[in-house]
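So the structure is just underneath, and the comments pick up after that.
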Amino acid sequence: MRVRTTDHVEGEVSREMSWEPTNVERDRLEKLARLTELGIEAYPPRVERTHTAAQAIAAFEAVEDDPEAAESIEVTVCGRVRRINIKGKVAFWHIEDGSGRVQLMIRLDNVGEATYALVQDKLIELDDFVQARGVMMRTRSGEVSVQVYELRLLAKAVSPLPVIKEKVEEDGTISRFGEFSDKETRYRQRYADLAVNPDVREVFRKRARMISALRRFLDDEGFLEVETPILQPIYGGAAARPFITHHNQLDQDLYLRISFELYLKRLLVGMYDAVYEIGRDFRNEGVSFKHNPEFTQIEFYKAYIDYHGVMDLTERLLAFVVQQVTGDTVITYQGHRIDFRPPWKRLTLHEAILATTGIDYKQHPDAASLRAAMRQRGYQARDDATWGKLVDSLLGEVEPTLIQPTFILDYPRDISPFAKMLPGDPTHVERFEFFIGGMEMGNAFTELNDPQDQEARFLEMGRLYAEDQDEATPLDEDYLRAMRYGMPPCGGWGMGVDRLAMLLTDQRSIRDVLLFPHMRDEEA
RNA sequence: GGCCCCGUAGCUCAAUUGGCAGAGCAGUUGACUCUUAAUCAAUUGGUUGGAGGUUCGAGUCCUCCCGGGGUCACCA
């Protein structure tokens, strides 16, 4: 009994649609109509499953030496059809679920003519989801398979996934024939990317393990995980342009947060000794291989430690996370062997810049002098940059050279409005950034807890950035009010979670560790 | 935002100095009851990202636009 194309399906296909199907999609829609005509539900609500693909294979292999026991392993498996080989009156399929793949051997004699017609005529085809009941067996050529007695369609795929064929080599490695590599389509249709590229799925599993390990470490260290507002009446804690939004009913402009800093420190006033938050920050700036408009940040604040204590925590935290995710404290990133074992290299910003650029910025204590020195050595220096900004741009020359985990410490005061002054040096503060793989990973300081000094810094920043209103650091009066109640001495720390994910998964672009990276509108 | 590169079938890619838009995979039809990148035979499929221009003739050259990648600027 064969199911053949009939005329009446035309009406089904030509009904009003919001999209333009390709020829292959038209073909699949016709098959969908024919299934409906046969009384077969293409999207049934109920499913049965006794084994994952991996469990079915394991259950068989465990008892394979005993023929009677092996024949009695009955399973119902579900998954997406990934390979079809119809060989006359027997068909071999591979179906895939979250655990992996298992082969189905579907024989006309075992499933009956009606079901086999669906297989032979490919009314059920590549990329559809199916449920199969049968007994486990090993084929003559050696593959553990399900000898199928019942086959059901679970979900019809109207659009075909990109075609990638796989071959398992003798040594167990997998060769792929065909690929889905167009970056734009992969990012825009991440679901298709994940469906056909298992290594992409693995990247995001690693990312999840990484975030889980970050939490575990901080929880075990006695930190309290908290959540603070994303919609904020005043943004702050970093120098970045914010996204602005509006609450209609309250008629109130709000900003999407650019950091968690100021809210987390309020909590230390409230007598939590140690808090952290993992969440999304939003910065209205350019996108690049290491910048996305929204990105995941982790920050912690701990009372009764200074930035030396924070460096110690950083080394232990990162070594732990890398160990948890990869099983080792050494990773390979873009061909570089990177070792996270403490202690990491520590050098002052002044030393680092002097060593890389030959510029001793302490010999140039004002913007004009430093700018001249930079230009003399061939570095760009903007006319409108402050002295602190110029120093920071020199750090940009150092950054790519910092492959091994490195702390760079003691930053200019005027680009660090929330850090405590370095004793004996009013021009510098107790702040460090740490770098790995040539990227800035995070930022930390001995937190400023003197409300009058903090107020002065806010006012100073307002003056320094007056010309660039976009980046002005607004004065947060409520934050100052909190600080006036008394804030314990504390160390604070923040890290770009996406960038750590890049390191641990050896990805060169932040877009490859974001499931749905930001893209422009698809159509004008 | 500046500069450079790219955009051809569902996917991956060809197309000579500007000269008939092609291949593999998938799809369709047929053969095959232990295959596995199955194989064999036949076959469908295109507004070459979009709009203009040059030319007898444009995938190819020019201009603009859209999208992507890279890089610089920006990003405490």
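Here the structure is a predicted model, which means the values were calculated and not measured. Sequence lines set the chain letters: A, B, ... in the order given, protein chains first and strands last, and positions in each chain run from 1.
A salt bridge links A:E460 with A:R413: at least one charged nitrogen is closer than 4.0 Å to a carboxylate oxygen. A salt bridge between A:E125 and A:R80 is absent, with no side-chain N of the basic residue lying under 4.0 Å from a carboxylate O of the acidic one.
In this structure, A:G237 reaches the bases: a heavy-atom distance under 4.0 Å links it to at least one base atom across the strands shown. At a threshold of 4.0 angstrom between heavy atoms, the contacts of A:P412 with the nucleic acid are absent. If you check every strand for non-hydrogen atoms under 4.0 Å, A:R107 touches a base. Using a 4.0 Å heavy-atom distance criterion, A:R382 is classed as a sugar-phosphate-only contact. Nucleic acid contact for A:K165: sugar-phosphate only, since backbone atoms but no base atoms lie under 4.0 Å from a heavy atom of the residue. At a threshold of 4.0 angstrom between heavy atoms, the contacts of A:R511 are confined to the sugar-phosphate backbone, with no base atom among them. As judged by a 4.0 angstrom heavy-atom cut-off over every strand, A:T139 is placed among the base-contacting residues. Contact annotation for A:R188: backbone-only contact, meaning every heavy-atom pair under 4.0 Å involves sugar-phosphate atoms and none involves a base. Residue contacts shown for A:E166 are limited to sugar-phosphate atoms, with no base heavy atom under 4.0 Å away. Heavy atoms of A:K290 sit nowhere under 4.0 angstrom from any nucleic acid atom.
No hydrogens or angles considered: nothing links the side chains of A:E261 and A:Y263 as a donor-acceptor pair under 3.5 Å. In this structure, a donor-acceptor pair under 3.5 Å is absent between the side chains of A:T356 and A:E397. Residues A:Y479 and A:K265 bring a donor and an acceptor atom of their side chains to less than 3.5 Å of each other. Side chain to side chain, A:H51 and A:E74 fail the donor-acceptor criterion of an N or O pair below 3.5 Å. Remark: the A:E277 side chain and the A:T228 side chain contain an N/O donor-acceptor pair separated by less than 3.5 Å. For the 3.5 Å distance criterion, the side chains of A:Y187 and A:D182 fail to qualify, holding no donor opposite an acceptor.
At B:U28, one or more side-chain N or O atoms of A:K31 fall inside 4.0 Å of OP1 or OP2 (strictly under the cut-off). Under 4.0 angstrom from either OP1 or OP2 of B:A37 there lies no side-chain N or O belonging to A:R176. Not one side-chain nitrogen or oxygen of A:R82 sits closer than 4.0 Å to the OP1 or OP2 atom of B:U36. In terms of phosphate contacts, A:Q380 brings a side-chain nitrogen or oxygen within less than 4.0 Å of OP1 or OP2 of B:A73.
Searching all strands for a Watson-Crick or G-U wobble partner of B:A51 with both distances below 3.5 Å returns B:U63. Under the Watson-Crick or G-U wobble criterion, with both distances below 3.5 Å, B:C3 is paired with B:G70. Nucleotide B:G24 is matched to B:C11 when pairs are restricted to Watson-Crick or G-U wobble geometry with both distances under 3.5 angstrom. Pairing of B:U44, defined by two Watson-Crick or G-U wobble distances under 3.5 Å, is not identified with any nucleotide. In this structure, B:A76 makes no Watson-Crick or G-U wobble pair, since no nucleotide meets both defining distances under 3.5 angstrom.
The side chain of A:K87 has B:C34 as its nearest neighbour among B:C34, B:U28, B:A76. When each of B:G68, B:U36, B:A76 is scored by its nearest atom to the side-chain atoms of A:F418, the top-ranked nucleotide is B:A76. Taking only side-chain atoms of A:V90, from C-beta outward, the nucleotide of B:U36, B:G67, B:C34 with the closest atom is B:C34. Closest approach to the A:M105 side chain among B:A76, B:U36, B:C34 is made by B:C34 (side chain taken as heavy atoms from C-beta onward). Taking every side-chain heavy atom of A:R140 into account, B:C34 is the closest of B:C75, B:G27, B:C34. Comparing B:G68, B:A76, B:A38 against the side chain of A:E184 picks out B:G68 as the nearest.
Here the separation of B:G59 from B:A73, taken at their P atoms, is 40 Å to the nearest Å. Rounded to the nearest Å, the gap between the C1' atom of B:C64 and that of B:C56 is 26 Å. Of the C1' atoms belonging to B:G69 and B:G49, the separation is 15 Å, rounded to the nearest Å. If you take atom P in B:U44 and the same atom in B:U29, they sit 14 Å apart, rounded to whole Å. Atom C1' of B:A15 sits at a distance of 31 Å from the matching atom of B:A38, rounded to the whole Å. Using C1' as the reference atom, B:U48 and B:A9 are 10 Å apart when rounded to the nearest Å. Comparing B:U17 with B:U60, their C1' atoms sit 11 Å apart, to the nearest whole Å. B:A58 and B:U16 have their P atoms separated by 16 Å, given to the nearest Å.
A straight line from CG of A:L126 to C1' of B:U28 spans 15 Å, rounded to a whole angstrom. In this structure, A:K122 places its NZ atom 8 Å from P of B:A26, rounding to the nearest Å. Distance, A:D127 CG to B:C25 C1': 13 Å, rounded to whole Å. One atom, CD of A:Q297, and another, P of B:A76, lie 11 Å apart when rounded to the nearest Å. Regarding A:I86, its CD1 atom lies at a distance of 15 Å from the C1' atom of B:C34, rounded to whole Å. A:D392 has its CG atom 7 Å from the P atom of B:A76, to the nearest Å. One can place OH of A:Y411 at 11 Å from P of B:A76, the figure rounded to the nearest angstrom. Nucleotide B:C75 holds its P atom 4 Å from the NZ atom of A:K389, rounded to whole Å.
Looking at A:R371, its side chain does come within 3.5 Å of a backbone N or O of A:A385 through a donor-acceptor pair.
Of the two residues contacting RNA chain B, namely A:E125 and A:K89, the nearest-nucleotide position lying further toward the 5' end is that of A:E125. Across the interface with RNA chain B, nearest-nucleotide mapping of A:S393 and A:V168 shows A:V168 to be the residue nearer the 5′ end.
Taking the centre and axis of the six-membered ring of A:Y411, the NZ or CZ atom of A:R431 falls inside the cone set by 45° and 6.0 Å.
Classification of the A:Y361-A:H428 ring pair by plane angle, with boundaries at 30° and 60°, yields parallel.
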Assign a letter to each nucleotide of nucleotides 5-13 of chain B from its 5' end: B, base within under 4.0 Å of a protein heavy atom; S, sugar-phosphate only; -, no contact.
-----BSS-

